[in-house]
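Read the structure below first, then the notes.
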Amino acid sequence: MSIGGACAAPIVVVGAGLSGLSAALQLRGAGHEVLVLERADEVGGRVGVAGPEGYAYDVGASVLTMPSLIDEALSAVGSDRDRVDLRLIPIEPAYHARYADGSTLDVYADADAMVDEVRRVCGPEEAQRYLDLRRWLTEIYEAEYDSFIDGDLTARSAGDPRVRRAAADILRLGGTGSLGRRVRSLVHDDRLQRLFTFQALYAGVSPTRARAIYGAIPYMDTIGGVSFPIGGMRRVPRAMAEALVAAGGRIRTSVTVTGLEASGRTIVAVHTADGERLECSAAVLTPDLPVVDRLLGTVGVPAPRRRRHYSPSAVVMHGLVATDVVERWDVRHHTIDFGAAWTTTLDELVASRGRARPMTDPSLLITTPALTDPGLRRTIDGRSYDPISVLAPCPNLDVAPLDWRLLTEPYLAELRTVLRRRGYEGIESMRVEHVDTPATWAAAGLAAGTPFSLAHRLDQTGPLRVHRGTRAFDNVEVAGCGTTPGVGIPPVLISGKLAARRLIA
């Protein structure tokens, strides 16, 4: 499928995920001809969708923070949310946490509402401590954002006075220390400690091992707030694609790029699985890192020798549950259902090869988006159904090379049993329509069978995440969650923007 008008020697963006679309919007806004090539038949990348139009449901990223970054991408071509009919609704509470002792706690971005909630659940002294934690999370985020998240760090950045000041602030705030230890020093209730550290799993690091700099992640959702697009998460990439095409950019789906063509230090064309040779003036590569390595390998760039360490993966069960059943559950849009165990089960995810295993007492993320957007409900035989997703973290295939073809059905049965024991009566009636496991992620070309790419270890963070293979060429950049600044919707949007800026420069 081809969208938009013809052009000569455009900048080719490989991949129409959020990073690719972000890069394409920035490049088009700067006056460049842009052609986006996507191997799937739908834009979105890891903001995935399954099912036929009219009955489709989201199967990818579900936690949307920092919508201002979407606004920034749209504004690059003079567009905005209204023009592309992107309606974002703040989710309150951002999370509903359920604990094994029967207690619950809601997370509100508003400080007063959150203080009241912490006071209700944990007492007045802990409410005051929460304010100290909120202050520290805000400070660590503000210290990092301009220079280390939204900035284009390189080895030469060490001489930049702004970077030096930011680094000094991060050191003063204990950013290189342990996130878990810092949070425990500020709030004493175990339930709060879990609620403000579990986000490290988004970065592929156990909360018990994460550095305090990743306090920026809990800031984004617990203080910055979580939103949801009416019509589902799929509306975000579709809206970005609509803005790009309206500005004269082109998108072609169902096109697999298999190689690059170079002349000296310049990439001059991309080649596709259908035998096409498409000339280009530059390229932005946004697939997962092994695919990028293969593409650069076609023009003589050797794959990196250093071993990469990847994030834990997940098993995600998507399906439909009758609305009258869901209404009896204790859930909100995003529900975190914590198991009784914590540290031991986290260690199971990141243990060494042969010792890692799925969590024996899993903490689960249950997403029920129709509670925010009732339009997502589906009517079958006169009965209303809600789309439900249940995410269970699990090890990646590097550390736990399990045969998920054989394990999937028994594991889903185990998940249903766990959910039923935790009060989700009627879960056995769930009409499962789509399941992702490390095996399906691997089949989609994602390294180690994980959608979360490189783990944010100290040796794989900041400028150390930049793909060095592009040094061989003057007109190639890499974007996406495997490069800087990292994993998650805000970082990949920023990643595309930074890649575009480097090309423009």
Item to check | Residue pairs, two or more places apart or on separate chains, that pass side chain to side chain donor-acceptor pair (under 3.5 Å) and touch residues 62-71 | outcome: Asp71-Arg81
Item to check | Donor-acceptor under 3.5 Å (Glu126 side chain, Asp189 main chain) | outcome: yes
Next on the checklist: For a quick check under 3.5 Å, do Asp459 and His309 share a side-chain donor-acceptor pair by atom type?
Outcome noted: no
Checklist entry - Do Asp386 and Thr323 have side-chain atoms, one donor and one acceptor, less than 3.5 Å apart? => result yes
Item to check | Glu428, CD: over 12 other non-hydrogen atoms inside 6.0 angstrom | outcome: yes
Checklist entry - Roughly how far apart are Ile223 CD1 and Asp110 CG, rounded to 0.5 Å? => result 11.5 Å
Item to check | Val183 to Phe196 - nearest heavy-atom pair and separation | outcome: CG2-O, 4.2 Å
Checklist entry - So, for Phe198 and Tyr95, is the gap between ring centers shorter than 6.0 Å? => result yes
Checklist entry - If we only count heavy atoms from C-beta on, is the Met220 to Gln199 side-chain gap below 4.5 Å? => result no
Checklist entry - What pairs meet the side chain to side chain donor-acceptor pair (under 3.5 Å) rule with one or both residues in residues 406-422, with sequence neighbours excluded? => result Asp337-Arg422, Asp361-Arg422
Next on the checklist: Are there over 12 heavy-atom neighbours, none belonging to Arg405, within less than 6.0 Å of that residue's CZ?
Outcome noted: no
Item to check | Minimum heavy-atom distance between Arg46 and Thr450, given as atom pair plus value | outcome: NH1-O, 4.4 Å
